[in-house]
Trainee: 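One structure, pasted below without further comment.
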Amino acid sequence: MTRSNEEVAELFREYADLISITGGEAYRARVYEKAARSIGGHHTDVSTLDVKGLRDIPNVGKSIAEKTVEYCRSGSVAAVEELRAKIPAGVRRLTAIPMLGPKKAFHLYEELGISSVEELADAIHDERLRDLKGFGPKTEENLLHGIELLRSSAERVLLDTATDLADDIVTELSKVTGCRRCTHAGSLRRFRETIGDIDVLAAAETSAPLMRAFTELPYVSEVIVHGSKKTSIRTTKGLQVDLRVVPPDSWGAALQYFTGSKAHNIRTRELAVHQKLKLSEYGLFDAESDEKIVSETEEEVYARLGLPWIPPTLREDRGEIEAGLHDELPELVEEQDIRGDLHTHTDLTDGLAPLEEMVAAAAERGYAYYAITDHGPDLVMQRMTDERMLAQRDRVRELDGAYRGRGGRGLRLLHGVELNIDPDGEVDWPEEFLAGFDLCVASVHSHFNQGRAALTRRIVRACENPYVNVIGHPTTRVIGKRPPVDADLDEIFAACARTGTALEINGHPARLDLRDEDILRARRHGVKFAVDSDAHSVLHLANMRYGVGMAQRGWLTKDDVINTWPRTRLQRFLRKGGTGRKARG
DNA sequence: GCCGTTTTCGGCCCGACTGTTTTCAGTCG
């Protein structure tokens, strides 16, 4: 599924790069970059909008609106084609090499006709860069190294991988004498679904011991830059980690700055400029006198700009600044609001731990309720039968009796199932049998390439089943491995809202499905969500935190998430407006 | 090229590090 918005955004990103490469005004390039972001994140399909409607999108004015219409109507934009004709695509590709930006790339093309990474490698080997102004021996070396990195294409890593590494680095640096504070920032703090590099921030009077400890970590393969305020390394697995050390009284401003996103920071700094202030990682200053106003906490910095503290998961310039200025930020769902997990497995199917261990771990997490949802018989390899499922139910009821005590404050168990949505939208069992479950998750596990119409119909049919309560990992994507299915998500979102079916936000770091942009769209349809771990082991129950991170990035509140609700309200929802199952006491 | 508590023109985020251009441009985040 490619929405026109994505295509148009990519087109304007390319146009911005081409403007930079050809030495066009820097401001024009930036404007197209900003417009690309706004359009990519806009909730309405731009191909359905006219110039007037397009101009309501932030950073889209007359010229960009007209280019968008031109693209949607004809498939191309004359101004972009003009620059494409001047600059081979390979020149833009050159800027993907670290340390090689638009200026140097254009210089290489103009002077030596280099228009691909391969040609650049050859030119360096042939020593043809030697008499080029601005290209010394060190630059040559860096370029060769950059080409190597590009070819080995260090990819973005999953959230759990990045979290584990960041936690380790923070732990090690916190031990260094003189380290006053240390934490990770950047996209990891914002819970972006994948992480390109890790940002670590530390506060200390003197930075040298921290920098030294950092470069001496056992998994450092390369020190990229090494200064007194900033040091960057690459790990043996190819992941870049940046360490910034600031004076302790700059902590708040520095944390705000290094958390990003870049777009959010530009907005906050613009707000500062409008108030005759200057915001940097060292604090908020009076623009005239350079006198420091605040810097110790993020709250102070935001407050002085006229904003409430903005949760890191919202800092993407997707409307959080405007919402903050009008005091309309959502009260985001938090991990401690989660009262239970509604999608988990045991070793009865493909989980690793027995029922008793999973339930004990759920109780340990302080949950008020917990659903066991092993696979139904359609996934043949799981060898599920009616008898085995009913035997599990008996055992769940026994355990429920054992855990429920303690004055009604104990853990309540729900016996559920993860059904398979077959190519026609049917599930594993007839309604009579489904009625016996407390809750049914239904998910697509195969036939991912049915075509848009068939896939949409298939999932909508599952929503219309009176016993299906949650659509599990709705787009079935696996990050870096399997793309999301091509379905009309807006139609599915509408069906969910209409039928009282929740959409899952699956917290497995390789899934994170739905993703943040889909959550934002679904929310506009009035859909409710279930944030689940989809745990196949005791350890995986902790993946709930990544699911909550995604929910926050989708601006969800407690009210949007059914597994933050008290059990009685949840059970009303599970009855699907009376068409589905009856409540069980 | 967009935007507006600087409002239809004039401004547009800020700083660190590197390499090479002996005073700064390019790149990155």
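A note on names: the letters A, B, ... follow the listed sequences, proteins ahead of strands, and every chain is numbered from 1.
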Trainee: What nucleotide, of B/dC12, B/dA16, B/dG1, holds the atom closest to the side chain of A/R244?
Mentor: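 Closest of the options to the side chain of A/R244: B/dA16.
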Trainee: Is the backbone of A/R128 close enough, under 3.5 Å, to the side chain of A/D126 for a donor and an acceptor to pair up by distance?
Mentor: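 No.
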Trainee: What's the closest nucleotide to the A/P137 side chain, out of B/dT20, B/dT27, B/dC3?
Mentor: B/dT20
Trainee: Could you check whether the side chain of A/Y27 and the base of B/dG10 have a donor-acceptor pair of N or O atoms closer than 3.5 Å, going by distance alone?
Mentor: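 No.
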Trainee: Treating A/S207 as the side-chain partner and A/S228 as the backbone partner, does any N or O pair qualify as donor plus acceptor under 3.5 Å?
Mentor: yes
Trainee: On the 0 to 90° scale, with breaks at 30° and 60°, tag the A/F135-A/H107 ring pair as parallel, tilted or perpendicular.
Mentor: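 Parallel.
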Trainee: Can you see if the side chain of A/R269 gets near the phosphate of B/dC13 - specifically, an N or O under 4.0 Å from OP1 or OP2?
Mentor: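 It does not, given that no N or O in the side chain of A/R269 lies less than 4.0 Å from OP1 or OP2 of B/dC13.
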Trainee: So A/S228, base contact, sugar-phosphate only, or nothing? Heavy-atom distance under 4.0 Å.
Mentor: sugar-phosphate
Trainee: Between B/dT27, B/dG15, B/dT6, spot the one nearest the side chain of A/K104, thanks.
Mentor: B/dT27
Trainee: Would you classify A/K262 as touching base, sugar-phosphate or nothing, given that sugar-phosphate means primed atoms plus P, OP1 and OP2, and contacts are heavy atoms under 4.0 Å?
Mentor: base
Trainee: Out of A/R190, A/R192, A/R37, A/K262, which one pairs with A/E316 under the side chain to side chain donor-acceptor pair (under 3.5 Å) rule?
Mentor: A/R190
Trainee: Which part of the nucleic acid does A/R267 contact within heavy-atom distance under 4.0 Å: base, sugar-phosphate only, or nothing?
Mentor: nothing
Trainee: Could you tell me whether A/N265 contacts a base, only the sugar-phosphate backbone, or nothing, with contacts defined as non-hydrogen atoms closer than 4.0 Å?
Mentor: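 Answer is nothing: A/N265 stays at 4.0 Å or more from every strand.
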Trainee: Suppose you measure atom C1' in B/dG11 against the same atom in B/dT6; what distance do you get, rounded to whole Å?
Mentor: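 Pairwise C1' distance, B/dG11 against B/dT6, rounds to 9 Å.
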Trainee: Select one nucleotide: of B/dG1, B/dC13, B/dC17, the one nearest the side-chain heavy atoms of A/K229.
Mentor: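 Ranking B/dG1, B/dC13, B/dC17 by closest atom to the A/K229 side chain puts B/dC17 first.
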Trainee: Across all strands, who's sitting opposite B/dA16 as a Watson-Crick or G-U wobble pair, both distances under 3.5 Å?
Mentor: B/dT27
Trainee: I need the CG-P distance between A/L100 and B/dT18, as an integer number of Å.
Mentor: 18 Å
Trainee: Side-chain N or O of A/T139 versus OP1/OP2 of B/dT20: is the shortest distance under 4.0 Å?
Mentor: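 The answer is yes; a side-chain N or O of A/T139 sits under 4.0 Å from OP1 or OP2.
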Trainee: Counting the atoms with a prime plus P, OP1 and OP2 as sugar-phosphate, which does A/K278 contact under 4.0 Å by heavy atoms, base, sugar-phosphate, or nothing?
Mentor: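 Sugar-phosphate contact only - A/K278 comes under 4.0 Å of backbone atoms but never of a base.
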Trainee: Tell me which nucleotide among B/dT6, B/dC12, B/dC14 gets nearest to the side chain of A/S280.
Mentor: B/dC14
Trainee: With respect to the side chain of A/V273, which nucleotide from B/dG29, B/dC2, B/dT6 is positioned closest?
Mentor: B/dT6
Trainee: Just to be sure I understand the rule, does A/E281 reach a base, reach only the sugar-phosphate, or reach nothing, if contact means heavy atoms closer than 4.0 Å?
Mentor: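 Result for A/E281 = sugar-phosphate.
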Trainee: Are any of A/Y257's side-chain N or O atoms less than 4.0 Å away from OP1 or OP2 of B/dA16?
Mentor: no
Trainee: Just to be sure I understand the rule, does A/H274 reach a base, reach only the sugar-phosphate, or reach nothing, if contact means heavy atoms closer than 4.0 Å?
Mentor: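 The answer is base, as A/H274 lies within the cut-off (heavy atoms under 4.0 Å) of a base atom.
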Trainee: So which of A/D160, A/I505, A/V531, A/N506 actually passes side chain to side chain contact (heavy atoms under 4.5 Å, CB included) with A/Y546?
Mentor: A/D160
